[in-house]
Visitor: 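Please see the structure below; I have some questions.
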Amino acid sequence: MDDTGTDDSRPQFLSSQNAEFLINSVDAFLFDCDGVIWKGDTLIDGVPETLEMLRSKGKKLVFVTNNSTKSRKQYAKKFQTFGISVNEEEIFSSSFAAAAYLKSINFPKEKKVYVIGEEGILEELELVGYTCLGGPEDGNKRIQLNSNFFFEHDKDVGAVVVGLDQYINYYKLQYGTLCIRENSGCLFIATNRDAIGHLTSQEWPGAGTMVAAICGSTQKEPIVVGKPSTFMMDFLLERFQIDTPKMCMVGDRLDTDILFGKNAGCKTLLVFSGPHKQHPT
């Protein structure tokens with residue numbers, strides 16, 4: 001279902017007639033990945049042909065994903081496994097957005113970042129020169145809640161970044177909580193607040209699950225850098241210099257992808273391969 005920018009501003013189903021209008025009116029297409037390009041490790045039918053057609057018409061393609069488990073480099077490799085050529089400069093993951101946000105506010109390099117998340121966040125943060133703690137390495141750590149136990153944490157941690165984390169545990173929750181509550185000025189950054197994600201052909205708890213846990217223990221709200229936050233769109237506009245009315249956001253979620261596009265003034269296209277499906281009529 002699309003919002004094509006035609007005289008009729010109501011959402012329309014995509015057809016051969018308005019599809020041509022949409023393509024001709026747009027210079028750049030922004031694609032979500034999980035649930036739009038693939039589901040888990042399965043490519044969605046028709047994707048390579050669609051991308052090739054759009055490139056042949058001179059359209060700029062950008063891939064904007066809230067999944068923080070991979071870095072841009074790792075995502076480029078995943079595209080390659082499907083036989084799709086995408087370079088790192090066309091990929092904007094929420095892991096990259098977290099690093100870009102810290103860089104944009106001149107986060108001090110002498111401060112450390114504690115990560116409740118996976119390798120994608122660590123790799124992107126380290127690429128811009130930040131020292132990271134946590135991540136998958138802390139997934140095997142355990143605590144003993146006896147009467148004499150005192151949990152130590154690094155007082156030099158100036159930011160806690162929370163994303164999707166299949167290795168989440170009580171140790172990580174306590175470490176992140178202590179940093180945010182006890183380290184002066186410590187930032188609480190969320191890659192996104194997606195409730196679910198397409199990690200396989202099934203839907204799984206998303207980063208919002210981990211973020212909600214830290215919200216609960218700290219009684220604080222995070223700075224969100226992924227969709228539908230405007231931070232990533234501001235970054236894209238600066239990078240590509242394309243007016244938002246000449247962009248179309250393609251996604252499978254109303255609350256992140258489509259809202260992200262709408263907030264920025266983009267055209268939007270909702271595909272029914274994700275959690276928001278066409279209601280039967």
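The structure displayed is predicted, hence computed values, not measured ones.
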Visitor: Measuring from atom CD1 of I121 to atom OG of S95, what distance do you get when rounded to the nearest 0.5 angstrom?
Guide: 6.5 Å

Visitor: Side chain to side chain contact (heavy atoms under 4.5 Å, CB included) between I214 and I116: does it pass, once the steps are laid out?
Guide: CA-CA 10 Å; I214 297 297; I116 299 176; 3.8 Å; yes

Visitor: Assess the side chains of Y114 and D138: does a donor N or O sit below 3.5 Å from an acceptor N or O?
Guide: yes

Visitor: Is the number of heavy atoms from other residues, nucleotides or ligands within 6.0 Å of CG (D45) greater than 12?
Guide: no

Visitor: Considering all heavy atoms of both residues, which atom of N169 and which atom of G139 are nearest to each other, and what is their separation?
Guide: ND2-O, 3.1 Å

Visitor: Supply the atom-to-atom distance T209 OG1 to L164 CG, rounded to the nearest 0.5 angstrom.
Guide: 8.5 Å

Visitor: Let me confirm one number: the CE-OG1 distance from M249 to T268, rounded to the nearest 0.5 Å.
Guide: 9.5 Å

Visitor: With a 4.5 Å limit on heavy-atom distance, are the side chains of N192 and T256 in contact?
Guide: no

Visitor: Ignoring hydrogens, what is the shortest heavy-atom contact between S104 and F231? Give both atom names and the distance.
Guide: OG-CE1, 3.9 Å

Visitor: Aromatic contact between F235 and F96, with the criterion being ring centroids under 6.0 Å apart: yes or no?
Guide: yes

Visitor: Taking a hydrophobic cluster as the set of Ile, Leu, Val, Met, Phe, Trp and Tyr residues connected by side-chain heavy atoms closer than 4.5 Å, whether directly or through intermediates, do V36 and L54 fall within one such cluster?
Guide: yes

Visitor: Do the side chain of K155 and the main chain of N183 share a donor and acceptor less than 3.5 angstrom apart?
Guide: no

Visitor: Should R55 and E90 count as an ion pair when the cut-off is N to O under 4.0 Å?
Guide: yes

Visitor: Is there a chain of hydrophobic side chains (I, L, V, M, F, W, Y, each step under 4.5 Å between heavy atoms) that links V250 to V64?
Guide: no

Visitor: Should the heavy atoms of other residues, nucleotides or ligands under 6.0 Å from CG of D41 be counted, would the total exceed 12?
Guide: no

Visitor: Using 4.0 Å as the upper bound for N to carboxylate O, is an ion pair formed by K73 and E123?
Guide: no

Visitor: Please determine if K77 and E88 form a salt bridge, counting it only when a charged side-chain N lies under 4.0 Å from a carboxylate O.
Guide: no

Visitor: Taking atom CZ of R72 and atom CD1 of I91, what is their separation to the nearest 0.5 Å?
Guide: 8.5 Å

Visitor: When the ring planes of F63 and F31 are compared, do they come out parallel, tilted or perpendicular, using 30° and 60° as the limits?
Guide: parallel

Visitor: So, the side chain of T244 versus the backbone of A264: is there a donor-acceptor pair under 3.5 Å, distance only?
Guide: yes

Visitor: May I have the step-by-step check of side chain to side chain contact (heavy atoms under 4.5 Å, CB included) for Y130 and L102, ending in yes or no?
Guide: CA-CA 9 Å; Y130 294 119; L102 288 175; 3.8 Å; yes

Visitor: What is the minimum heavy-atom distance between D257 and G251, and which atoms define it?
Guide: OD2-CA, 3.4 Å

Visitor: Check the hydrophobic clustering (I, L, V, M, F, W, Y; side-chain heavy atoms under 4.5 Å; chains of links allowed) and say if F29 and L43 are grouped together.
Guide: yes

Visitor: Is the number of heavy atoms from other residues, nucleotides or ligands under 6.0 Å of Y170 OH greater than 12?
Guide: no

Visitor: Give a yes or no on this: more than 12 heavy atoms of other residues, nucleotides or ligands lie within 6.0 Å of atom NZ of K103.
Guide: no

Visitor: Report the distance from atom OH of Y101 to atom CE of M232, rounding to the nearest 0.5 Å.
Guide: 13.5 Å

Visitor: Is it true that V211 and I223 fall in one hydrophobic cluster, defined by side-chain heavy atoms closer than 4.5 Å?
Guide: no

Visitor: Could you pull out the closest heavy-atom pair between D255 and R253, with the gap in Å?
Guide: OD2-NH2, 3.0 Å

Visitor: With the 4.5 Å side-chain cut-off for hydrophobic clustering, are L270 and F260 part of the same group?
Guide: no

Visitor: Side chains of Y167 and K172: closer than 4.5 Å at any heavy-atom pair?
Guide: yes

Visitor: Could you walk me through whether Y175 and L178 pass the side chain to side chain contact (heavy atoms under 4.5 Å, CB included) test, one step at a time?
Guide: CA-CA 5 Å; Y175 206 112; L178 289 176; over 6 Å; no

Visitor: Tell me whether E137 at atom CD has more than 12 heavy atoms from other residues, nucleotides or ligands lying less than 6.0 Å away.
Guide: no

Visitor: Are Y171 and N140 close enough that some pair of their side-chain heavy atoms sits under 4.5 Å apart?
Guide: no

Visitor: State whether D194 and K227 are salt-bridged, where the test is any N-O pair (Lys NZ or Arg NE/NH1/NH2 against Asp/Glu carboxylate O) under 4.0 Å.
Guide: no

Visitor: Could you check whether any side-chain N or O of D252 sits under 3.5 Å from a backbone N or O of V271, counting only pairs where one atom can act as donor and the other as acceptor?
Guide: no

Visitor: Locate the shortest heavy-atom distance separating C186 from A159; write the atom from each residue and the value.
Guide: SG-N, 3.7 Å

Visitor: Looking at K39 and D34, does any basic side-chain N land under 4.0 Å from a carboxylate oxygen?
Guide: no

Visitor: How are the rings of F240 and F92 set relative to one another: parallel (under 30°), tilted (30 to 60°) or perpendicular (over 60°)?
Guide: perpendicular

Visitor: Working to the nearest 0.5 Å, report the span between CG of D234 and OG of S229.
Guide: 8.0 Å

Visitor: Looking at E238, I'd like to know if its CD atom is crowded, meaning that more than 12 non-hydrogen atoms belonging to other residues, nucleotides or ligands lie closer than 6.0 Å.
Guide: no

Visitor: Counting N and O atoms only, with roles assigned by atom type, does the side chain of Q74 sit under 3.5 Å from a partner on the main chain of S71, one being a donor and the other an acceptor?
Guide: yes

Visitor: Looking at every heavy atom in both P136 and E119, which two are closest together, and how far apart are they?
Guide: CG-OE2, 3.7 Å

Visitor: Check whether N146 reaches the backbone of N148 with its side chain - one donor and one acceptor, N or O, closer than 3.5 Å.
Guide: yes

Visitor: Is there a side-chain contact between V47 and I84 in this structure, where contact means two heavy atoms from C-beta onward sitting under 4.5 Å apart?
Guide: yes

Visitor: Evaluate the side-chain proximity of C248 to C266: yes if any heavy-atom separation is below 4.5 Å, no if none is.
Guide: no

Visitor: Is the shortest heavy-atom distance from the side chain of V86 to the side chain of Q80 under 4.5 Å?
Guide: no

Visitor: Tell me whether S94 contacts the main-chain N or O of N66 through its side chain, where contact means a donor paired with an acceptor under 3.5 Å.
Guide: yes

Visitor: Side-chain contact, heavy-atom cut-off 4.5 Å: L145 with I143?
Guide: yes

Visitor: State whether the number of non-hydrogen atoms from other residues, nucleotides or ligands found under 6.0 Å of Q174 atom CD is greater than 12.
Guide: yes

Visitor: Just by modelled atom types, is the P245 backbone N or O under 3.5 Å from a matching donor or acceptor in the K267 side chain?
Guide: yes

Visitor: Look at K60 together with D27 and state whether they make a salt bridge at an N to O cut-off of under 4.0 Å.
Guide: no

Visitor: Would the distance check show the side chain of D165 and the main-chain N or O of G117 forming a donor-acceptor pair, the cut-off being under 3.5 Å?
Guide: yes

Visitor: Taking the side chain as C-beta and beyond, is there a heavy-atom pair between M247 and V62 under 4.5 Å?
Guide: no

Visitor: In sequence, state the C-alpha distance, the side-chain angles, and the governing distance for K112 and L133, and then conclude on side chain to side chain contact (heavy atoms under 4.5 Å, CB included).
Guide: CA-CA 7 Å; K112 299 174 185 176; L133 305 174; 4.1 Å; yes

Visitor: Can you tell me if N67 and T65 form a side-chain donor-acceptor pair at under 3.5 Å?
Guide: no

Visitor: Could you tell me whether the side chain of K109 and the main chain of V128 form a donor-acceptor pair under 3.5 Å?
Guide: yes

Visitor: Under 3.5 Å, side chain of K220 to main-chain N/O of R181, donor-acceptor pair present?
Guide: no

Visitor: Between T177 and S217, does any side-chain donor sit less than 3.5 Å from a side-chain acceptor?
Guide: yes

